[in-house]
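Before any comments, here is the structure.
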Amino acid sequence: MTLTNAALRNPYAMIAAVLVVAALGTFAFFATPTDLFPNTVPPQVVVITVQPGAAAGDMTDKVTRVLEKELNSLAKVVKVSSTTRDQVSSINVEFGYDKPTGEAVLDVQNAIGRVRADLPADVIEPRIYRVTDATRPLLTVAVSPREETGRPLSEIRLLARNQLTDELLALPGVADVDVFGGHEPQVEVRVRRDALAAHGVSLGELVGVLDR
């Protein structure tokens, strides 16, 4: 017996079946949740570590691999990718969609804390960034001095932090500019305790003056 013959012999049953299908379709149309702007970016956390003066090979062996090994052990990690250059290590940790971003950031912080003592002593405290549609960088620019200028990286960092940052922030649509890497200038003060004692100045007082 074909479907057509069955429909002709049982018209009321076919009408009831059509009404049931129509009712279920209407219910599904109004009950199914919709999102015009779904979250298509999985939870991601970026760890940027800077070690002044370190070569790319040293950064890979002593920083990137140490952090990657610990970050790979985190729960619900989908992929860990890294980029290492002179003085800078950047590690991107991607989690599953069911991992809350706040929990992912906390797990990464705890992982870094567990291996912080294994990193070189002169490594600057790793910085953690959560990546979303709103925070994903649109452009990363590397700035370096020309060889003939002989400018140190400390001057290049100051140039990037001041003039270049101001110029980029003045562009329409630019919300934020972040500067990392390079050399930060510092002043080393060597203290002679006998000279301090001769002038009646304590080490704490000297530190207070430097802080001010």
Side-chain angles (χ1 to χ4, degrees), residues 39-144 152-154 156-158 160-161 165 175-191 203-204 206-208 210-212:
N39 182 17
T40 58
V41 179
Q44 298 181 57
V45 181
V46 176
V47 180
I48 296 180
T49 310
V50 177
Q51 183 183 6
D58 293 335
M59 290 293 295
T60 301
D61 295 335
K62 300 179 181 179
V63 177
T64 303
R65 289 179 180 173
V66 174
L67 292 175
E68 277 186 333
K69 182 178 179 181
E70 188 65 26
L71 294 173
N72 268 309
S73 65
L74 297 178
K76 299 182 181 179
V77 168
V78 176
K79 181 176 65 175
V80 176
S81 57
S82 64
T83 301
T84 306
R85 299 185 179 89
D86 291 346
Q87 308 179 68
V88 180
S89 167
S90 176
I91 303 176
N92 184 290
V93 186
E94 180 181 329
F95 293 84
Y97 282 97
D98 57 340
K99 182 82 168 183
T101 304
E103 184 179 334
V105 172
L106 183 60
D107 288 351
V108 171
Q109 288 177 337
N110 293 335
I112 294 175
R114 289 192 293 269
V115 297
R116 183 64 179 88
D118 299 331
L119 301 178
D122 58 340
V123 164
I124 299 175
E125 190 66 28
R127 289 181 291 178
I128 300 175
Y129 300 92
R130 64 178 68 191
V131 179
T132 64
D133 284 334
T135 60
R136 183 185 297 272
L138 296 181
L139 182 66
T140 302
V141 180
V143 182
S144 60
L153 288 178
S154 58
I156 301 302
R157 181 183 175 89
L158 290 176
R161 174 172 286 179
T165 297
D176 190 22
V177 177
D178 186 26
V179 178
F180 61 89
H183 288 170
E184 293 191 63
Q186 65 181 21
V187 178
E188 181 178 351
V189 179
R190 296 181 179 273
V191 180
L203 185 60
L206 177 61
V207 173
L210 294 174
D211 286 337
R212 292 194 297 270

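One-based numbering along the sequence shown.
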query: Who pairs with Lys76 by salt bridge (charged side-chain N to carboxylate O under 4.0 Å, His left out), at least two apart in sequence or on another chain?
result: Asp98
task: Could you list the residues that satisfy side-chain contact (heavy atoms from CB on, under 4.5 Å) with Asp211, not counting sequence neighbours?
output: Val207
- prompt: When rounded to the nearest 0.5 angstrom, what is the spacing between OG in Ser89 and CG in Leu67?
  reply: 6.0 Å
- prompt: Does the side chain of Gln51 reach to within under 4.5 Å of the side chain of Val63, using non-hydrogen atoms?
  reply: yes
query: Partners of Asp122 by salt bridge (charged side-chain N to carboxylate O under 4.0 Å, His left out), sequence neighbours excluded?
result: none
- prompt: Do Val50 and Val123 have side-chain heavy atoms sitting under 4.5 Å apart?
  reply: no
With Thr60 via side chain to side chain donor-acceptor pair (under 3.5 Å) - residues at least two apart: none
query: Sequence neighbours excluded, which residues qualify as side-chain contact (heavy atoms from CB on, under 4.5 Å) partners of Asp61?
result: Arg65
- request: Would you check if Gln44 and Val93 make a side-chain contact, meaning some heavy-atom pair closer than 4.5 Å?
  value: no
field: Contacts of Leu74 that satisfy side-chain contact (heavy atoms from CB on, under 4.5 Å) - sequence neighbours left out
entry: Leu71, Val77, Phe95, Asp107, Val108, Ala111, Arg114
Side-chain touch Ser90/Val46, heavy atoms, less than 4.5 angstrom: yes
- prompt: What closest approach, in Å, do Met59 and Arg85 show between heavy atoms, and which atom pair accounts for it?
  reply: CG-O, 3.8 Å
- line: Residues passing the side-chain contact (heavy atoms from CB on, under 4.5 Å) test with Thr165, sequence neighbours excluded, are Leu169, Val177, Val179
- prompt: Quick one: does Gln87's side chain have a donor or acceptor within less than 3.5 Å of a partner on Gly53's backbone?
  reply: yes
message: My understanding is that only residues two or more places apart in sequence, or in another chain, count here; which of them pass side chain to side chain donor-acceptor pair (under 3.5 Å) with Glu103?
response: Lys99
message: For the CD1 atom of Ile112 and the CG atom of Asp118, what is their distance to the nearest 0.5 Å?
response: 13.0 Å
task: State which residues pass side chain to side chain donor-acceptor pair (under 3.5 Å) with Arg116; sequence neighbours excluded, sorted by chain then number.
output: Glu125
- line: Rounded to the nearest 0.5 angstrom, the OG-CD1 distance for Ser144 and Ile156 is 7.5 Å
field: Check: Glu68 main-chain N/O paired with Asn72 side-chain donor or acceptor under 3.5 Å
entry: yes
message: Going by side chain to side chain donor-acceptor pair (under 3.5 Å), name the residues that satisfy it together with Thr84, two or more places apart in sequence or in a different chain.
response: Thr64
- request: Would you mind reporting whether Val105 and Tyr129 have side-chain heavy atoms less than 4.5 Å apart?
  value: no
message: So Thr49 and Val88, do their side chains get closer than 4.5 Å, heavy atoms only?
response: no
- prompt: Any side-chain heavy atom of Val80 within less than 4.5 Å of one from Asn92?
  reply: no
